[in-house]
Amino acid sequence: MTKKWIALLATAAAALLFSATTFAATEGALQQAGNDLSDQASLQRGAQAYMNYCSGCHSLKYLRYSRMASDLGLTEQQVMDNLNFTGAKFGEQIHVAMTKEQGEKWFGKMPPDLSLIARVRQSDWVYTYLKSFYLDESRPLGWNNKLFPNASMPNPLWELQGLQHAEFGEPDAAGERHPERLVVTSPGRVTPQEYDQTVRDITNFLEYAGEPAALKRQSLGVWVILFLALLSFLAYLLKNEYWTDVH
Ligand code: HEC
């Protein structure tokens with residue numbers, strides 16, 4: 001009976017391992033964001049970049065300026081002077097000035113709210129997406145994206161990244177050629193390493209925005225572990241105390 005159970009457990013473990021590896025294989029095209037929610041400086045830079053380069057088109061309607069300030073260690077003045085471009089009040093959510101009609105007219109659709117994007121798509125996807133834009137004259141705005149083909153978003157960070165072109169592979173069965181490799185043909189304002197860092201910071205900020213409570217939970221977790229360690233130690237001392245009487 002026990003042998004049967006062990007065999008069953010081993011099979012289950014193997015199946016889990018197998019599904020994990022096949023999942024990893026299908027996600028092979030994604031680059032690792034490597035972002036860190038406990039890095040407050042990164043979150044602050046990410047908020048700054050987001051407000052400058054993304055908030056003109058995308059709202060974060062579940063996040064309030066005031067909440068962002070207290071979570072990211074910023075003062076009301078810093079947020080209102082540097083990170084609020086719509087004249088919203090400190091206690092308001094991060095809405096976008098663009099109307100739905102404008103969005104549809106300019107991009108064919110309203111740019112989506114990004115509050116939950118890092119949870120829906122995952123951080124590695126967001127990171128890779130922001131690095132996958134390339135010039136494509138056949139698209140209305142002149143931009144395409146290797147990860148999200150025919151996305152209607154132009155590269156908001158082209159000045160930093162520089163202009164990226166695609167090198168195409170052989171035609172597939174349907175006679176279509178897909179981008180195989182992306183190369184920056186005219187450099188941007190920052191080095192590729194600095195660009196990666198900016199994209200990592202933005203991704204970090206969007207992961208935070210998807211679940212602001214995660215920051216508190218992480219720092220709380222440390223205290224919980226310390227508390228449990230202390231409790232175990234006390235229990236151990238208590239046990240010794242009892243057993244000296246028994247012996
Ligand atoms: C000029 C307007 C504009 C700017 C600026 C802009 N975006 Fe977009 N974005 C769009 C549009 C339009 C779409 C919809 C693309 C589609 O579905 O074809 C989009 C889609 C996205 C998506 C994919 C959403 C999905 O459907 O999964 C992400 C992620 C995203 N944007 C992130 C950003 C980030 C981060 C920035 C700032 C660095 C940014 N965007 C700046 C217009 C913009």
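One-based numbering, in listed order, for ligands and for the atoms of each.
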Using heavy atoms and a 4.0 Å limit, tell me yes or no: is [X] in contact with ligand 1?
X    : value
I117 : yes
W106 : no
A151 : yes

N-O pairing of R200 and D36 below 4.0 Å: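 Salt bridge absent between R200 and D36.
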Are any of the N or O atoms of [X] closer than 3.5 Å to those of ligand 1?
X    : result
K109 : yes
Y50  : no
Y53  : no

Options G46, S152, G56, A49, ranked by nearest heavy atom to atom 14 (C) of ligand 1, top entry: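 Looking at heavy atoms only, the winner is S152.
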For [atom], what is the nearest protein heavy atom, given as residue, atom name and distance?
atom                    : answer
atom 32 (C) of ligand 1 : L114 CD1, 3.5 Å
atom 28 (C) of ligand 1 : Y129 CE2, 3.4 Å
atom 27 (O) of ligand 1 : R121 NE, 2.7 Å
atom 10 (C) of ligand 1 : M153 CB, 3.4 Å
atom 2 (C) of ligand 1  : C57 SG, 1.9 Å
atom 12 (C) of ligand 1 : F107 CB, 3.5 Å

Is the backbone of [Y] close enough, under 3.5 Å, to the side chain of [X] for a donor and an acceptor to pair up by distance?
X    : Y    : result
R189 : E159 : no
D113 : K61  : yes
T128 : Q31  : yes
Q164 : K131 : yes

For F148, the ligand 1 atoms whose distance to one of its heavy atoms is below 4.0 Å: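 Result: 17 (O), 26 (O).
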Check the side chains of [Y] and [X] for a donor-acceptor pair under 3.5 angstrom, ignoring hydrogens and angles.
X    : Y   : result
N82  : Q78 : no
Q48  : R45 : no
Y127 : N35 : no

Whether over 12 other heavy atoms sit under 6.0 Å from E167 CD: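 Yes, because the 6.0 Å sphere around CD of E167 holds more than 12 heavy atoms from other groups.
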Residues, nucleotides or ligands: over 12 heavy atoms within 6.0 Å of Y62 OH: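 Count not over threshold, so no.
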Atom 8 (Fe) of ligand 1 to nearest N/O/S of H58 less than 2.8 Å: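 Short answer: yes, at least one N, O or S atom is under the cut-off.
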Mode of C54 contact toward ligand 1 - side chain, backbone, both, neither (heavy atoms, under 4.0 Å):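 Contact part for C54 vs ligand 1: both backbone and side chain.
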